[in-house]
Number of protein chains: 2
Amino acid sequence: MRASETAYQLLRDEIIQWKLEPGTPLGEVETSLRLGVSRTPLREALSRLIAEGLVRTGPGRTAVVTSLSLRDIVELFELREALETQAARLAARRREPSVFEALRAEFLTGSRDASGASAEDRPYDLADALDVAIDEAAGSVYLQGALRDLRGHLARVRRSAHSNADRLARATSEHVLIVDAILAQDEALAASATSVHLHNSLANILASLPPEAAR
Amino acid sequence: MRASETAYQLLRDEIIQWKLEPGTPLGEVETSLRLGVSRTPLREALSRLIAEGLVRTGPGRTAVVTSLSLRDIVELFELREALETQAARLAARRREPSVFEALRAEFLTGSRDASGASAEDRPYDLADALDVAIDEAAGSVYLQGALRDLRGHLARVRRSAHSNADRLARATSEHVLIVDAILAQDEALAASATSVHLHNSLANILASLPPEAAR
DNA sequence: GAGCGAGCGTTTGTATACAAGGTAAAGTAC
DNA sequence: GTACTTTACCTTGTATACAAACGCTCGCTC
(Lines give C-alpha, C1' and ligand atoms only; values in the text may rest on other atoms or scores of the structure.)
Protein backbone atom coordinates (compact mmCIF):
# COMPACT_ATOMS: atom_id res chain seq x y z
CA MET A 1 0.00 0.00 0.00
CA ARG A 2 1.14 3.53 -0.67
CA ALA A 3 2.76 5.29 2.25
CA SER A 4 0.46 8.29 1.93
CA GLU A 5 -2.58 6.00 2.10
CA THR A 6 -1.15 4.21 5.12
CA ALA A 7 -0.53 7.48 6.93
CA TYR A 8 -4.04 8.67 6.09
CA GLN A 9 -5.69 5.52 7.39
CA LEU A 10 -3.58 5.44 10.54
CA LEU A 11 -4.18 9.07 11.45
CA ARG A 12 -7.88 8.86 10.61
CA ASP A 13 -8.32 5.81 12.84
CA GLU A 14 -6.39 7.41 15.65
CA ILE A 15 -8.52 10.55 15.47
CA ILE A 16 -11.83 8.68 15.27
CA GLN A 17 -10.88 6.41 18.17
CA TRP A 18 -9.86 9.37 20.29
CA LYS A 19 -6.29 8.11 20.53
CA LEU A 20 -5.43 11.56 19.27
CA GLU A 21 -7.45 14.02 21.31
CA PRO A 22 -8.83 17.25 19.86
CA GLY A 23 -6.21 19.96 19.82
CA THR A 24 -3.30 17.54 19.49
CA PRO A 25 -0.68 19.20 17.30
CA LEU A 26 0.51 17.09 14.40
CA GLY A 27 4.03 18.33 13.74
CA GLU A 28 5.21 17.07 10.38
CA VAL A 29 8.60 15.71 11.39
CA GLU A 30 7.36 14.23 14.64
CA THR A 31 4.33 12.56 13.07
CA SER A 32 6.21 11.32 10.03
CA LEU A 33 8.82 9.70 12.27
CA ARG A 34 6.13 8.16 14.46
CA LEU A 35 4.25 6.66 11.51
CA GLY A 36 7.42 5.60 9.73
CA VAL A 37 6.79 7.55 6.54
CA SER A 38 8.49 10.52 5.01
CA ARG A 39 7.16 14.04 5.24
CA THR A 40 5.96 14.07 1.63
CA PRO A 41 3.31 11.33 1.89
CA LEU A 42 2.43 12.55 5.38
CA ARG A 43 1.62 15.97 4.02
CA GLU A 44 -0.67 14.38 1.46
CA ALA A 45 -2.42 12.49 4.24
CA LEU A 46 -2.80 15.70 6.25
CA SER A 47 -4.21 17.49 3.20
CA ARG A 48 -6.91 14.87 2.89
CA LEU A 49 -7.72 15.01 6.59
CA ILE A 50 -7.94 18.79 6.47
CA ALA A 51 -10.29 18.62 3.47
CA GLU A 52 -12.34 16.07 5.42
CA GLY A 53 -12.47 18.36 8.42
CA LEU A 54 -10.85 16.00 10.92
CA VAL A 55 -7.72 18.16 11.05
CA ARG A 56 -7.49 21.91 10.87
CA THR A 57 -4.56 24.29 10.42
CA GLY A 58 -4.01 26.15 13.64
CA PRO A 59 -1.97 29.26 14.31
CA GLY A 60 1.38 29.25 12.58
CA ARG A 61 0.34 26.79 9.90
CA THR A 62 0.53 23.89 12.35
CA ALA A 63 -1.92 21.03 11.86
CA VAL A 64 -4.03 20.13 14.89
CA VAL A 65 -6.80 17.59 15.47
CA THR A 66 -10.17 19.30 15.14
CA SER A 67 -12.15 19.85 18.30
CA LEU A 68 -15.65 18.47 18.73
CA SER A 69 -17.78 20.74 20.84
CA LEU A 70 -21.41 20.32 21.72
CA ARG A 71 -22.19 22.83 19.03
CA ASP A 72 -20.22 20.76 16.53
CA ILE A 73 -22.32 17.71 17.36
CA VAL A 74 -25.55 19.64 16.83
CA GLU A 75 -24.29 21.07 13.53
CA LEU A 76 -23.14 17.64 12.45
CA PHE A 77 -26.64 16.31 13.00
CA GLU A 78 -28.11 19.21 11.06
CA LEU A 79 -26.01 18.17 8.09
CA ARG A 80 -26.72 14.53 8.76
CA GLU A 81 -30.45 15.09 8.67
CA ALA A 82 -30.19 16.86 5.33
CA LEU A 83 -28.10 14.12 3.76
CA GLU A 84 -29.68 11.03 5.26
CA THR A 85 -33.30 12.02 4.72
CA GLN A 86 -32.46 12.67 1.08
CA ALA A 87 -30.59 9.38 0.85
CA ALA A 88 -33.58 7.58 2.38
CA ARG A 89 -35.92 9.20 -0.14
CA LEU A 90 -33.76 8.16 -3.08
CA ALA A 91 -33.21 4.70 -1.63
CA ALA A 92 -36.98 4.21 -1.36
CA ARG A 93 -37.23 5.14 -5.03
CA ARG A 94 -34.45 2.92 -6.37
CA ARG A 95 -33.88 0.19 -3.84
CA GLU A 96 -33.25 -3.46 -4.59
CA PRO A 97 -35.88 -5.23 -2.42
CA SER A 98 -33.76 -8.28 -1.59
CA VAL A 99 -31.05 -6.20 0.10
CA PHE A 100 -33.47 -4.53 2.48
CA GLU A 101 -35.49 -7.65 3.11
CA ALA A 102 -32.29 -9.31 4.28
CA LEU A 103 -31.49 -6.34 6.51
CA ARG A 104 -35.00 -6.38 7.92
CA ALA A 105 -34.59 -10.01 8.94
CA GLU A 106 -31.25 -9.25 10.56
CA PHE A 107 -32.70 -6.37 12.56
CA LEU A 108 -35.56 -8.53 13.81
CA THR A 109 -33.38 -11.48 14.79
CA GLY A 110 -30.41 -9.40 15.89
CA SER A 111 -28.05 -11.59 13.92
CA ARG A 112 -25.21 -10.54 11.76
CA ASP A 113 -23.65 -13.56 10.10
CA ALA A 114 -20.52 -12.50 8.29
CA SER A 115 -19.45 -10.12 11.03
CA GLY A 116 -16.51 -11.15 13.18
CA ALA A 117 -16.98 -8.30 15.62
CA SER A 118 -17.64 -8.59 19.32
CA ALA A 119 -21.18 -8.86 20.69
CA GLU A 120 -21.31 -5.29 21.91
CA ASP A 121 -20.37 -3.87 18.52
CA ARG A 122 -23.06 -5.86 16.70
CA PRO A 123 -25.86 -3.28 16.86
CA TYR A 124 -23.47 -0.71 15.43
CA ASP A 125 -22.42 -3.09 12.67
CA LEU A 126 -26.02 -3.63 11.69
CA ALA A 127 -26.75 0.09 11.74
CA ASP A 128 -23.65 0.68 9.64
CA ALA A 129 -24.79 -1.99 7.20
CA LEU A 130 -28.10 -0.19 6.82
CA ASP A 131 -26.27 3.09 6.21
CA VAL A 132 -24.16 1.47 3.51
CA ALA A 133 -27.20 -0.15 1.90
CA ILE A 134 -29.09 3.16 1.84
CA ASP A 135 -26.08 5.04 0.48
CA GLU A 136 -25.69 2.53 -2.31
CA ALA A 137 -29.39 2.33 -3.08
CA ALA A 138 -29.58 6.12 -3.31
CA GLY A 139 -27.19 5.75 -6.20
CA SER A 140 -25.78 9.24 -6.18
CA VAL A 141 -22.03 9.65 -6.33
CA TYR A 142 -22.11 13.15 -4.92
CA LEU A 143 -24.47 12.37 -2.07
CA GLN A 144 -22.39 9.35 -1.25
CA GLY A 145 -19.24 11.46 -1.17
CA ALA A 146 -20.76 13.95 1.23
CA LEU A 147 -22.00 11.12 3.44
CA ARG A 148 -18.59 9.46 3.48
CA ASP A 149 -16.97 12.56 4.98
CA LEU A 150 -19.81 12.89 7.45
CA ARG A 151 -19.46 9.33 8.71
CA GLY A 152 -15.93 9.95 9.95
CA HIS A 153 -17.12 12.77 12.18
CA LEU A 154 -20.09 10.77 13.39
CA ALA A 155 -17.89 7.83 14.34
CA ARG A 156 -16.01 10.25 16.55
CA VAL A 157 -19.25 11.43 18.16
CA ARG A 158 -20.33 7.86 18.79
CA ARG A 159 -17.19 7.28 20.83
CA SER A 160 -18.03 10.16 23.13
CA ALA A 161 -21.49 8.90 24.08
CA HIS A 162 -22.55 5.36 24.82
CA SER A 163 -26.04 3.99 24.41
CA ASN A 164 -27.88 1.98 27.01
CA ALA A 165 -29.81 -1.20 26.23
CA ASP A 166 -33.11 0.64 26.15
CA ARG A 167 -31.90 3.10 23.54
CA LEU A 168 -30.49 0.30 21.41
CA ALA A 169 -33.85 -1.49 21.39
CA ARG A 170 -35.66 1.68 20.39
CA ALA A 171 -33.07 2.40 17.72
CA THR A 172 -33.63 -1.03 16.24
CA SER A 173 -37.36 -0.49 15.93
CA GLU A 174 -36.66 2.90 14.33
CA HIS A 175 -34.36 1.20 11.87
CA VAL A 176 -37.00 -1.37 10.98
CA LEU A 177 -39.42 1.47 10.34
CA ILE A 178 -36.97 3.01 7.89
CA VAL A 179 -36.38 -0.31 6.16
CA ASP A 180 -40.12 -0.92 5.85
CA ALA A 181 -40.67 2.50 4.32
CA ILE A 182 -37.90 1.90 1.82
CA LEU A 183 -39.31 -1.50 0.93
CA ALA A 184 -42.76 0.07 0.48
CA GLN A 185 -41.15 2.72 -1.75
CA ASP A 186 -42.75 5.37 0.42
CA GLU A 187 -40.27 8.23 0.00
CA ALA A 188 -41.93 10.66 2.40
CA LEU A 189 -42.22 8.05 5.12
CA ALA A 190 -38.62 6.93 4.64
CA ALA A 191 -37.48 10.52 5.08
CA SER A 192 -39.71 11.09 8.10
CA ALA A 193 -38.68 7.85 9.76
CA THR A 194 -35.03 8.81 9.23
CA SER A 195 -35.67 12.23 10.69
CA VAL A 196 -37.32 10.72 13.75
CA HIS A 197 -34.43 8.34 14.25
CA LEU A 198 -31.87 11.11 14.00
CA HIS A 199 -33.69 13.34 16.46
CA ASN A 200 -33.94 10.51 18.99
CA SER A 201 -30.33 9.59 18.41
CA LEU A 202 -29.15 13.16 18.96
CA ALA A 203 -31.31 13.51 22.06
CA ASN A 204 -29.74 10.34 23.47
CA ILE A 205 -26.24 11.63 22.77
CA LEU A 206 -26.91 15.02 24.28
CA ALA A 207 -28.44 13.43 27.36
CA SER A 208 -25.44 11.18 27.88
CA LEU A 209 -22.81 13.91 28.05
CA PRO A 210 -24.27 17.02 29.67
CA PRO A 211 -21.84 17.28 32.62
CA GLU A 212 -18.92 18.50 30.55
CA ALA A 213 -20.55 20.95 28.18
CA ALA A 214 -17.58 21.85 26.02
CA ARG A 215 -15.14 19.34 24.69
CA MET B 1 0.95 33.11 -1.83
CA ARG B 2 1.95 29.50 -1.45
CA ALA B 3 2.67 27.67 -4.68
CA SER B 4 0.33 24.83 -3.77
CA GLU B 5 -2.50 27.31 -3.21
CA THR B 6 -1.75 29.04 -6.50
CA ALA B 7 -1.80 25.76 -8.38
CA TYR B 8 -5.06 24.79 -6.70
CA GLN B 9 -6.78 28.05 -7.58
CA LEU B 10 -5.51 28.03 -11.15
CA LEU B 11 -6.56 24.46 -11.84
CA ARG B 12 -9.92 24.90 -10.13
CA ASP B 13 -10.70 27.99 -12.20
CA GLU B 14 -9.60 26.30 -15.40
CA ILE B 15 -11.82 23.30 -14.69
CA ILE B 16 -14.85 25.38 -13.70
CA GLN B 17 -14.49 27.63 -16.74
CA TRP B 18 -14.21 24.62 -19.04
CA LYS B 19 -10.73 25.65 -20.14
CA LEU B 20 -9.84 22.15 -19.10
CA GLU B 21 -12.46 19.85 -20.58
CA PRO B 22 -13.66 16.70 -18.82
CA GLY B 23 -11.30 13.83 -19.41
CA THR B 24 -8.25 16.04 -19.82
CA PRO B 25 -5.29 14.19 -18.32
CA LEU B 26 -3.29 16.19 -15.80
CA GLY B 27 0.18 14.68 -16.00
CA GLU B 28 2.22 15.84 -13.06
CA VAL B 29 5.35 16.95 -14.88
CA GLU B 30 3.46 18.55 -17.74
CA THR B 31 1.02 20.42 -15.48
CA SER B 32 3.69 21.50 -13.02
CA LEU B 33 5.77 22.95 -15.85
CA ARG B 34 2.74 24.70 -17.31
CA LEU B 35 1.75 26.30 -14.01
CA GLY B 36 5.32 27.10 -13.08
CA VAL B 37 5.38 25.18 -9.83
CA SER B 38 7.18 22.06 -8.74
CA ARG B 39 5.59 18.65 -8.61
CA THR B 40 5.33 18.66 -4.81
CA PRO B 41 2.90 21.58 -4.43
CA LEU B 42 1.10 20.48 -7.58
CA ARG B 43 0.42 17.10 -6.02
CA GLU B 44 -1.06 18.81 -3.00
CA ALA B 45 -3.31 20.85 -5.28
CA LEU B 46 -4.39 17.70 -7.10
CA SER B 47 -5.13 15.98 -3.80
CA ARG B 48 -7.48 18.76 -2.85
CA LEU B 49 -9.18 18.72 -6.24
CA ILE B 50 -9.61 14.95 -6.05
CA ALA B 51 -11.14 15.25 -2.57
CA GLU B 52 -13.43 17.94 -3.97
CA GLY B 53 -14.44 15.70 -6.86
CA LEU B 54 -13.33 17.98 -9.69
CA VAL B 55 -10.48 15.62 -10.55
CA ARG B 56 -10.46 11.85 -10.40
CA THR B 57 -7.69 9.31 -10.67
CA GLY B 58 -8.02 7.40 -13.89
CA PRO B 59 -6.36 4.18 -14.98
CA GLY B 60 -2.71 4.02 -14.10
CA ARG B 61 -2.99 6.52 -11.29
CA THR B 62 -3.20 9.40 -13.76
CA ALA B 63 -5.26 12.40 -12.72
CA VAL B 64 -7.99 13.46 -15.16
CA VAL B 65 -10.63 16.17 -15.07
CA THR B 66 -13.92 14.66 -13.90
CA SER B 67 -16.63 14.27 -16.51
CA LEU B 68 -20.03 15.88 -16.09
CA SER B 69 -22.73 13.76 -17.64
CA LEU B 70 -26.43 14.39 -17.62
CA ARG B 71 -26.68 11.91 -14.80
CA ASP B 72 -24.05 13.83 -12.86
CA ILE B 73 -26.09 17.00 -13.19
CA VAL B 74 -29.20 15.27 -11.88
CA GLU B 75 -27.28 13.74 -8.98
CA LEU B 76 -25.69 17.09 -8.23
CA PHE B 77 -29.13 18.62 -7.92
CA GLU B 78 -30.28 15.80 -5.67
CA LEU B 79 -27.46 16.69 -3.30
CA ARG B 80 -28.08 20.37 -3.80
CA GLU B 81 -31.71 20.03 -2.82
CA ALA B 82 -30.76 18.22 0.37
CA LEU B 83 -28.19 20.82 1.38
CA GLU B 84 -29.89 24.02 0.28
CA THR B 85 -33.33 23.22 1.68
CA GLN B 86 -31.69 22.51 5.01
CA ALA B 87 -29.62 25.69 4.76
CA ALA B 88 -32.78 27.66 3.98
CA ARG B 89 -34.54 26.15 7.01
CA LEU B 90 -31.68 27.04 9.32
CA ALA B 91 -31.28 30.48 7.76
CA ALA B 92 -34.96 31.17 8.40
CA ARG B 93 -34.38 30.24 12.02
CA ARG B 94 -31.22 32.29 12.65
CA ARG B 95 -31.13 35.02 10.03
CA GLU B 96 -30.12 38.61 10.58
CA PRO B 97 -33.08 40.54 9.11
CA SER B 98 -31.04 43.46 7.76
CA VAL B 99 -28.96 41.24 5.49
CA PHE B 100 -31.96 39.73 3.77
CA GLU B 101 -33.88 42.97 3.63
CA ALA B 102 -30.97 44.44 1.71
CA LEU B 103 -30.90 41.45 -0.61
CA ARG B 104 -34.63 41.70 -1.16
CA ALA B 105 -34.27 45.31 -2.27
CA GLU B 106 -31.47 44.37 -4.64
CA PHE B 107 -33.53 41.60 -6.21
CA LEU B 108 -36.47 43.94 -6.76
CA THR B 109 -34.39 46.75 -8.26
CA GLY B 110 -31.91 44.49 -10.00
CA SER B 111 -29.03 46.53 -8.69
CA ARG B 112 -25.79 45.31 -7.27
CA ASP B 113 -23.66 48.20 -6.09
CA ALA B 114 -20.26 46.96 -5.07
CA SER B 115 -19.99 44.50 -7.91
CA GLY B 116 -17.62 45.37 -10.72
CA ALA B 117 -18.81 42.55 -12.96
CA SER B 118 -20.34 42.90 -16.39
CA ALA B 119 -24.07 43.43 -16.88
CA GLU B 120 -24.75 39.90 -18.01
CA ASP B 121 -23.15 38.38 -14.93
CA ARG B 122 -25.18 40.53 -12.56
CA PRO B 123 -28.10 38.15 -12.01
CA TYR B 124 -25.61 35.42 -11.17
CA ASP B 125 -23.78 37.73 -8.76
CA LEU B 126 -26.99 38.46 -6.96
CA ALA B 127 -27.95 34.79 -6.79
CA ASP B 128 -24.48 34.00 -5.50
CA ALA B 129 -24.83 36.72 -2.87
CA LEU B 130 -28.05 35.10 -1.70
CA ASP B 131 -26.34 31.73 -1.53
CA VAL B 132 -23.55 33.19 0.58
CA ALA B 133 -26.01 34.98 2.86
CA ILE B 134 -28.02 31.80 3.40
CA ASP B 135 -24.89 29.73 4.01
CA GLU B 136 -23.69 32.19 6.61
CA ALA B 137 -27.09 32.59 8.23
CA ALA B 138 -27.44 28.83 8.53
CA GLY B 139 -24.40 29.05 10.78
CA SER B 140 -23.24 25.49 10.42
CA VAL B 141 -19.59 24.86 9.67
CA TYR B 142 -20.23 21.38 8.36
CA LEU B 143 -23.16 22.30 6.16
CA GLN B 144 -21.14 25.20 4.83
CA GLY B 145 -18.25 22.91 4.01
CA ALA B 146 -20.46 20.54 2.06
CA LEU B 147 -22.00 23.45 0.21
CA ARG B 148 -18.60 24.90 -0.66
CA ASP B 149 -17.60 21.74 -2.47
CA LEU B 150 -20.98 21.59 -4.19
CA ARG B 151 -20.71 25.14 -5.52
CA GLY B 152 -17.62 24.29 -7.56
CA HIS B 153 -19.48 21.58 -9.43
CA LEU B 154 -22.54 23.77 -9.90
CA ALA B 155 -20.45 26.58 -11.37
CA ARG B 156 -19.32 24.07 -13.95
CA VAL B 157 -22.91 23.11 -14.73
CA ARG B 158 -23.87 26.74 -15.10
CA ARG B 159 -21.29 27.13 -17.84
CA SER B 160 -22.83 24.34 -19.84
CA ALA B 161 -26.34 25.79 -19.96
CA HIS B 162 -27.34 29.41 -20.44
CA SER B 163 -30.54 30.95 -19.23
CA ASN B 164 -32.83 33.09 -21.33
CA ALA B 165 -34.33 36.36 -20.16
CA ASP B 166 -37.61 34.72 -19.28
CA ARG B 167 -35.96 32.20 -17.01
CA LEU B 168 -33.91 34.90 -15.29
CA ALA B 169 -37.07 36.86 -14.49
CA ARG B 170 -38.77 33.80 -13.05
CA ALA B 171 -35.66 32.91 -11.07
CA THR B 172 -35.63 36.36 -9.53
CA SER B 173 -39.21 36.03 -8.33
CA GLU B 174 -38.37 32.61 -6.93
CA HIS B 175 -35.43 34.14 -5.09
CA VAL B 176 -37.62 36.86 -3.62
CA LEU B 177 -39.98 34.15 -2.40
CA ILE B 178 -37.10 32.45 -0.60
CA VAL B 179 -35.92 35.72 0.93
CA ASP B 180 -39.42 36.54 2.11
CA ALA B 181 -39.82 33.14 3.75
CA ILE B 182 -36.48 33.55 5.52
CA LEU B 183 -37.45 37.03 6.71
CA ALA B 184 -40.76 35.67 7.97
CA GLN B 185 -38.83 32.91 9.77
CA ASP B 186 -41.05 30.37 8.07
CA GLU B 187 -38.73 27.38 7.88
CA ALA B 188 -41.04 25.07 5.99
CA LEU B 189 -41.83 27.71 3.39
CA ALA B 190 -38.17 28.61 2.97
CA ALA B 191 -37.36 24.96 2.31
CA SER B 192 -40.29 24.55 -0.08
CA ALA B 193 -39.50 27.74 -1.97
CA THR B 194 -35.90 26.57 -2.34
CA SER B 195 -37.08 23.20 -3.55
CA VAL B 196 -39.31 24.83 -6.15
CA HIS B 197 -36.49 27.05 -7.33
CA LEU B 198 -34.12 24.14 -7.69
CA HIS B 199 -36.59 22.03 -9.63
CA ASN B 200 -37.27 24.88 -12.05
CA SER B 201 -33.59 25.58 -12.34
CA LEU B 202 -32.80 21.96 -13.13
CA ALA B 203 -35.65 21.77 -15.64
CA ASN B 204 -34.27 24.83 -17.40
CA ILE B 205 -30.80 23.36 -17.54
CA LEU B 206 -32.01 20.01 -18.82
CA ALA B 207 -34.13 21.71 -21.47
CA SER B 208 -31.21 23.79 -22.69
CA LEU B 209 -28.86 20.91 -23.45
CA PRO B 210 -30.85 17.90 -24.62
CA PRO B 211 -29.27 17.54 -28.09
CA GLU B 212 -26.02 16.07 -26.82
CA ALA B 213 -27.16 13.68 -24.11
CA ALA B 214 -23.81 12.60 -22.73
CA ARG B 215 -21.01 14.98 -22.04
C1' DG C 1 10.36 48.07 34.79
C1' DA C 2 8.09 47.71 30.51
C1' DG C 3 7.95 47.79 25.66
C1' DC C 4 10.01 47.41 21.31
C1' DG C 5 13.35 45.37 18.17
C1' DA C 6 16.64 42.28 16.45
C1' DG C 7 18.47 37.73 16.02
C1' DC C 8 18.22 32.87 16.44
C1' DG C 9 15.90 28.50 16.15
C1' DT C 10 12.31 25.58 14.78
C1' DT C 11 8.73 25.03 11.77
C1' DT C 12 6.53 24.54 7.31
C1' DG C 13 7.01 25.11 2.07
C1' DT C 14 9.42 23.85 -2.14
C1' DA C 15 12.46 21.63 -5.29
C1' DT C 16 14.95 17.89 -7.03
C1' DA C 17 16.82 13.35 -7.18
C1' DC C 18 15.84 8.55 -6.95
C1' DA C 19 12.97 4.34 -6.91
C1' DA C 20 9.21 1.46 -8.20
C1' DG C 21 5.34 0.42 -10.65
C1' DG C 22 2.55 0.07 -14.63
C1' DT C 23 1.60 0.41 -19.53
C1' DA C 24 2.47 0.03 -24.18
C1' DA C 25 4.93 -1.68 -27.84
C1' DA C 26 7.65 -4.92 -30.17
C1' DG C 27 9.29 -9.35 -31.02
C1' DT C 28 8.89 -14.22 -31.03
C1' DA C 29 6.63 -18.53 -30.89
C1' DC C 30 2.79 -21.33 -31.89
C1' DG D 1 -1.77 -14.20 -38.34
C1' DT D 2 -2.56 -13.97 -33.59
C1' DA D 3 -1.50 -14.27 -28.94
C1' DC D 4 1.61 -14.14 -25.29
C1' DT D 5 5.77 -12.63 -23.11
C1' DT D 6 9.38 -9.61 -22.25
C1' DT D 7 11.58 -5.34 -22.21
C1' DA D 8 11.94 -0.48 -22.17
C1' DC D 9 10.13 3.91 -21.31
C1' DC D 10 7.15 6.95 -19.00
C1' DT D 11 4.48 7.87 -15.08
C1' DT D 12 3.67 8.30 -10.34
C1' DG D 13 5.41 7.57 -5.38
C1' DT D 14 8.91 8.62 -1.90
C1' DA D 15 12.79 10.59 0.36
C1' DT D 16 15.90 14.14 1.34
C1' DA D 17 18.04 18.51 0.96
C1' DC D 18 17.38 23.34 0.87
C1' DA D 19 14.91 27.81 1.48
C1' DA D 20 11.85 30.89 3.60
C1' DA D 21 8.72 32.31 7.06
C1' DC D 22 7.07 32.48 11.57
C1' DG D 23 7.52 32.52 16.58
C1' DC D 24 10.10 33.05 20.55
C1' DT D 25 13.53 34.78 23.38
C1' DC D 26 16.95 37.78 24.81
C1' DG D 27 18.75 42.24 25.00
C1' DC D 28 18.57 47.05 24.65
C1' DT D 29 16.43 51.43 25.18
C1' DC D 30 13.13 54.64 26.86
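All chains are named by letter (A, B, ...) in the order of the sequence lines, taking the proteins before the strands, and each is independently numbered beginning at 1.
By the side chain to side chain contact (heavy atoms under 4.5 Å, CB included) test, A:E136 pairs with A:V132, A:Q144, sequence neighbours left out. Annotation: salt bridge (charged side-chain N to carboxylate O under 4.0 Å, His left out) contacts of A:R43 (sequence neighbours excluded): A:E28, B:E44. For A:T57, there are no side-chain hydrogen bond (donor to acceptor under 3.5 Å, both in side chains) partners at least two apart in sequence or on another chain. Residues passing the side chain to side chain contact (heavy atoms under 4.5 Å, CB included) test with B:I16 are B:R12, B:A155, sequence neighbours excluded. For B:R148, the side chain to side chain contact (heavy atoms under 4.5 Å, CB included) criterion is met by no residue, not counting sequence neighbours. Under the side chain to side chain contact (heavy atoms under 4.5 Å, CB included) criterion, A:L202 pairs with A:I73, A:F77, A:L206, sequence neighbours left out. With sequence neighbours excluded, the residues satisfying side-chain hydrogen bond (donor to acceptor under 3.5 Å, both in side chains) with A:N200 are A:E174.
Atom CZ of A:R2 and atom C1' of C:dG22 are 14 Å apart (whole Å).
Note on residues 13-25 of chain B: pairs passing salt bridge (Lys or Arg N to Asp or Glu O under 4.0 Å), not counting sequence neighbours, are B:E14-B:R34.
By the 4.0 Å N-to-carboxylate-O rule, A:D135 lies close enough to A:R151 to be salt-bridged with it. Electrostatic pairing of A:R71 and A:E78 does not count as a salt bridge here, judged by no charged N lying under 4.0 Å from a carboxylate O. Ion pairing of B:R156 with B:D72 is absent here, as no side-chain N (NZ or NE/NH1/NH2) approaches a carboxylate O to less than 4.0 Å.
In secondary-structure terms, DNA chain D builds stems of at least 3 consecutive Watson-Crick or G-U pairs, each pair having both distances under 3.5 Å, at C:1-30 with D:1-30.
The number of heavy-atom neighbours closer than 6.0 Å to CZ of A:R94, taken from other residues, nucleotides and ligands shown, is above 12. In this structure, B:R104 places its CZ atom where only 12 or fewer heavy-atom neighbours from other residues, nucleotides or ligands lie under 6.0 Å away.
Contacts between residues 52-59 of chain A and DNA chain D, defined by a heavy-atom separation below 4.0 Å, involve no residue at all. Taken residue by residue, residues 26-50 of chain A places heavy atoms nearer than 4.0 Å to DNA chain C at A:G27, A:E28, A:R39, A:R43.
Each of A:E5 and A:G60 was matched to the nucleotide of DNA chain D holding its nearest heavy atom; the match closer to the 5' end belongs to A:E5.
Protein chain A touches strand DNA chain D; the 5'-most and 3'-most nucleotides with an atom under 4.0 angstrom of its non-hydrogen atoms are D:dG13 to D:dA17.
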